[in-house]
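Note sheet for the following structure.
Just follow the structure's listing: the first ligand is 1, and inside any ligand the first atom is 1.
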Amino acid sequence: ILRGVAFVQIPTTLLAQVDSSVGGKVAVDLDHGKNLAGAFYQPRLVLMDPDTLDSLPLPVFMAGMAEVVKYGCIWDKDFFNFLAVRPSRQALMADIEHILYTCCDIKRQVVIDDELDTGLRMILNFGHTLGHAYELAGHYTEWNHGEAVAAGMCAAAKLGVSLGVTPAELSGQLESTLAGLGLPTFIPCSAEDYAAAVGRDKKGAGADITVILLDRMGHAVPHKISKNALLKLL
Ligand code: GLY
């Protein structure tokens with residue numbers, strides 16, 4: 001808008017503070033889907049005040065926690081373990097500055113390496129390919145983004161186990177942490193909604209798609225698979 005106007009992000013939800021305000025992705029939704037008209041355009045400043053989180057409804061706060069847990073899964077096992085023993089909003093808010101800093105620092109490292117999302121940045125997509133299917137299945141009203149991503153991460157962990165990439169115990173560990181936060185670990189989804197989400201995923205190219213899996217807690221790996229094989233497994 002206004003061809004290159006400088007802007008400042010002032011995120012007031014947990015999800016925006018740890019993810020969407022940082023890294024320069026900007027987008028608007030189209031009738032065909034979420035975030036489809038988008039660009040990379042860095043803000044001059046991201047200004048966040050953790051006190052704004054106090055007025056969030058609990059489900060909105062916990063939706064942000066799905067993205068927070070994601071950072072532990074893909075990058076930092078100790079951070080995951082730190083979160084796993086803080087299953088309440090009160091316990092998390094007691095350490096919120098550390099949580100915000102850790103998430104933004106991980107995102108900073110990833111985005112500095114790959115601002116335009118052609119390599120490392122794809123790991124931030126962990127849980128999102130399937131999460132988008134759940135958002136679609138719920139017509140974008142039944143599940144918020146964080147809830148869909150929580151179930152998407154659990155499904156991606158199970159997928160990783162079936163593909164021999166993810167250790168089996170990791171899947172249970174992730175499910176119990178997310179369930180402890182009141183987030184869904186399973187969302188029913190039709191084959192059609194899976195197919196629609198896989199078909200329009202930005203990480204798809206031709207007959208193949210890159211899904212992000214965990215080969216251990218704290219470490220994500222891109223895994224190329226044919227869309228047909230993925231849909232069969234799902
Ligand atoms: N929200 C994912 C990314 O910024 O790449």
Side-chain angles (χ1 to χ4, degrees), residues 7-30 33-48 53 56 60-76 79-80 83 99-136 140 143-157 174 178 183 197-198 200-205 209-214 218-224:
F7 82 114
V8 169
Q9 292 266 22
I10 308 179
T12 57
T13 65
L14 181 57
L15 192 137
Q17 291 185 350
V18 298
D19 184 24
S20 55
S21 66
V22 176
K25 281 191 182 174
V26 290
V28 291
D29 300 338
L30 300 182
K34 222 180 124 179
N35 285 343
L36 279 186
F40 293 94
Y41 190 66
Q42 297 293 345
R44 293 288 165 95
L45 174 75
V46 181
L47 181 65
M48 58 184 80
L53 305 180
L56 294 180
V60 178
F61 179 85
M62 289 305 179
M65 279 308 299
E67 297 281 1
V68 171
V69 169
K70 181 192 79 179
Y71 286 111
C73 291
I74 62 169
W75 197 266
D76 186 341
F79 186 51
F80 178 88
L83 298 168
I99 291 170
L100 295 177
Y101 184 85
T102 304
C103 295
C104 292
D105 191 43
I106 294 171
K107 187 149 189 188
R108 180 186 64 78
Q109 293 174 63
V110 171
V111 172
I112 280 178
D113 184 276
D114 173 28
E115 183 181 8
L116 301 184
D117 207 8
T118 55
L120 181 68
R121 189 165 181 166
M122 288 189 204
I123 65 171
L124 298 176
N125 205 42
F126 176 57
H128 283 62
T129 300
L130 306 179
H132 290 146
Y134 304 141
E135 285 187 279
L136 189 67
Y140 295 95
W143 309 104
N144 65 37
H145 180 67
E147 290 165 340
V149 166
M153 291 192 291
C154 293
L174 178 58
L178 293 169
L183 288 162
V198 166
R200 75 169 63 148
D201 193 275
K202 294 190 289 286
K203 273 72 186 170
I209 187 166
T210 300
V211 286
I212 305 302
L213 302 177
L214 302 179
H219 193 254
V221 283
H223 185 92
K224 203 166 169 181

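Residue-to-ligand polar distances place K25 within reach of ligand 1: an N/O pair is separated by less than 3.5 Å.
Separating the CD1 atom in I106 from the OH atom in Y71 is a distance of 7.5 Å, to the nearest 0.5 Å.
In terms of modelled atom types and a separation under 3.5 Å, the side chain of D114 and the main chain of G119 share a donor-acceptor contact.
Comparing E67, K70, K107 by heavy-atom distance to atom 4 (O) of ligand 1, the nearest is K107.
The only member of K107, Q17, H128 that meets side chain to side chain donor-acceptor pair (under 3.5 Å) when paired with E67 is H128.
At least one heavy atom of D19 sits less than 4.0 Å from an atom of ligand 1.
Enclosure of atom OH in Y101 is not indicated, since only 12 or fewer non-hydrogen atoms of other residues, nucleotides or ligands lie within 6.0 angstrom.
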